[in-house]
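Here is the structure we will look at.
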Amino acid sequence: MIRITDRSSCCGCTACASVCPHGAISMKEDRMGFAYPQLDESLCTECGLCVRTCDFIQERAKDPVPDRVKVIAARHVDDEKLAGSQSGGVFTALSDVILAEGGVVYGASLTDDYSVSHIRVDNIHSRECLKGSKYVQSNLTGIFASVRNDLQKGIPVMFTGTPCQVAGLRSFIVPHLQENLFTVDFICHGVPSPAVWNDYVTWMSGRAKPSGVSFRDGDMGWRVHWESFSYAGRKEFRETWRLLFYKNIMLRRSCFRCPYNINERKADVTMADFWGVEEIVPELADGKGVSMVICFTEKGSKLFSRASSYLRTAKAVVSKEFLLRKNPNLVRPSVPDKDLECFETAYQEKGFVHVAQRWADLGWRYKAWKIKKYIANIFRKK
Ligand SMILES: Cc1cc2nc3c(=O)[nH]c(=O)nc-3n(C[C@H](O)[C@H](O)[C@H](O)COP(=O)(O)OP(=O)(O)OC[C@H]3O[C@@H](n4cnc5c(N)ncnc54)[C@H](O)[C@@H]3O)c2cc1C
Ligand code: SF4
Ligand code: SF4
Ligand code: SF4
């Protein structure tokens, strides 16, 4: 039976809780808002199904990452559709194919209070809220059972999520139901804490509730990563979340031992920002966003080729050295910040504002550092 003693050994995919035939496992949040399975021993029959279903803890052959990887650079032909997407709009193109064939799409959406949950959509209009990266772990409650229900009815399903969510789902769905299941993941840096995110949103709602939130606002350009909060008549661009995200100080513990490098992908298609595209496919690098796509299965290749009429594409080969330089999480997990433990304790005891002052941009320390950097730049130019 599943018992979590080390938080880094569970990615929170919900497969064990979804598969238990006796409802003995429920998902409970820790102090960072990350969900972990909790066992009710009085209901457990010790059948072992949950442990067999957990993909994250399976033993893996540690094959070396290949020196060269075949990829596709892709960009949506329609600039309007591209605008709402995070990189090249590949998700939009793939989901258009599934929806046009009467299928349904699962992905991460912002809720009314700006937390992040997976939802099911069956039309292009409601699909729009799935576009854009939400840099926080999404809530999967009830989603795996809903996917199985659709597949049992013969409805084609496209599920998008982190590599570990896709691996968990594929482990949960029995093989004979997977024919109509299309899975799409992305190169994943890691998922930040839902609790810290909720506190940030509450803090930003102090004077007025935002009418919109973006984790990486496209108005700043594809390459720039700033979050934005919209209020009546104005938009505030900020970097608090970005700074905490890239500091690797509030990611889920499992992300630092993530097994889902290129050899371990369970998705049919992987998508990513094509950082460094100007070195590899300069003709697509117009600054508006380009995706890198890797098809891992025949089913993924066929889906991608059906979506190709919506996309400008170019085949390319990239080296492991290029990936390590531009998008390392396809090769290895993120490295934890040395203050990881300290951050969690400080957050627990003193709250969001304290940690954002100490490790992000709310305090005088960051402002002083920015001024110093600005002055140093002036002298460097002279
Ligand atoms: C937490 C996180 C970390 C990422 N790390 C990297 C990285 O290191 N390198 C890289 O190149 N790209 C990374 N990405 C992916 C990248 O930001 C784009 O999502 C990807 O390039 C697809 O772009 P698009 O324009 O085709 O998709 P879009 O149209 O922007 O669609 C976004 C898709 O991502 C899904 N999604 C959004 N947020 C979440 C979430 N929290 N959990 C699960 N699914 C979600 C949506 O359901 C949708 O399918 C990350 C994304 C997330 C959410
Ligand atoms: S061992 Fe079986 S009964 Fe017990 S929690 Fe796991 S799946 Fe449920
Ligand atoms: S990784 Fe998924 S299946 Fe494994 S224990 Fe955690 S929630 Fe359960
Ligand atoms: S880094 Fe790995 S463990 Fe963390 S969310 Fe991404 S796929 Fe899951």
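Predicted model only: the values in this text are computed from it and were never measured. Quick note: numbers below take in every heavy atom, side chains included, and nothing from hydrogens, waters or symmetry partners. Ligands are counted one by one from 1 in listed order, and the atoms in each one are counted from 1 as well. Numbering starts at 1 and runs along the sequence shown.
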(message) Please compare Thr14, Asp55, Ile57, Leu140 and report which has the shortest non-hydrogen distance to atom 7 (S) of ligand 3.
(response) Thr14

(request) Name the option, out of Cys258, Ala167, Gly168, that contains the heavy atom nearest to atom 3 (S) of ligand 4. (result) Cys258

(message) Need the ligand 4 atom indices (1-based, order shown) with element for anything under 4.0 Å from a heavy-atom of Pro163.
(response) 7 (S)

(request) Please work out which of Leu39, Val19, Ile2 has its closest non-hydrogen atom nearest to atom 5 (S) of ligand 2. (result) Leu39

(message) Any N/O/S atom from Cys164 (main chain or side chain) under 2.8 Å of atom 6 (Fe) of ligand 4?
(response) no

(request) Check ligand 4 against Val191 and write out every atom of the ligand that is under 4.0 Å from a heavy-atom position of the residue. (result) 5 (S)

(request) Using a cut-off of strictly less than 2.8 Å, determine whether Cys10 has an N/O/S atom near atom 6 (Fe) of ligand 3. (result) yes

(request) May I ask you to decide if the ring planes of His225 and Tyr135 are parallel, tilted or perpendicular, using 30° and 60° as cut-offs? (result) tilted

(message) Can a donor-acceptor pair be found, under 3.5 Å and without considering hydrogens, that links the side chain of Gln38 to the backbone of Lys28?
(response) no

(message) I'd like to check which ligand 3 atoms, numbered from 1 as shown, lie under 4.0 Å from a non-hydrogen atom of Cys16.
(response) 3 (S), 5 (S), 7 (S), 8 (Fe)

(request) Within a distance under 4.0 Å of any heavy atom of Thr45, pick out the atoms of ligand 2 and give their elements. (result) 3 (S), 4 (Fe)

(message) I need the nearest protein heavy-atom contact for atom 4 (Fe) of ligand 4: residue, atom name and distance, please.
(response) Cys255 SG, 2.3 Å

(request) Flag His22 as yes if one of its N/O/S atoms falls below 2.8 Å of atom 8 (Fe) of ligand 2, otherwise no. (result) no

(request) Determine yes or no for a side-chain-to-main-chain donor-acceptor pair under 3.5 angstrom, with Ser291 supplying the side chain and Met271 the backbone. (result) no

(request) Return yes if some donor-acceptor pair links the side-chain N/O of Ser146 with the main-chain N/O of Gly142 below 3.5 Å, else return no. (result) no

(message) Looking only at protein heavy atoms, which one is nearest to atom 2 (Fe) of ligand 2, and what is the separation?
(response) Cys47 SG, 2.3 Å

(request) Would you mind running through ligand 4 and noting each atom that sits below 4.0 Å from a heavy atom of Gly190? (result) 1 (S)

(message) Within ligand 3, which atoms have a heavy atom of Phe56 less than 4.0 Å away?
(response) 1 (S)

(message) Could you check whether any side-chain N or O of Tyr260 sits under 3.5 Å from a backbone N or O of Ala167, counting only pairs where one atom can act as donor and the other as acceptor?
(response) no

(message) Does this structure show an ion pair linking Lys235 with Asp217, if we count only N-O contacts that are shorter than 4.0 Å?
(response) yes

(request) Check Pro37 against ligand 3 and report side chain, backbone, both or neither, counting heavy atoms closer than 4.0 Å. (result) side chain

(request) Quick one: look up the protein heavy atom nearest atom 1 (S) of ligand 2 and list residue, atom name and how far away it is. (result) Gly48 N, 3.2 Å

(request) For atom 8 (Fe) of ligand 2, find the nearest protein heavy atom and state the residue, atom name and distance (0.1 Å precision). (result) Cys20 SG, 2.3 Å

(request) Starting from atom 6 (Fe) of ligand 4, find the nearest protein heavy-atom neighbour and note its residue, name and distance. (result) Cys188 SG, 2.4 Å

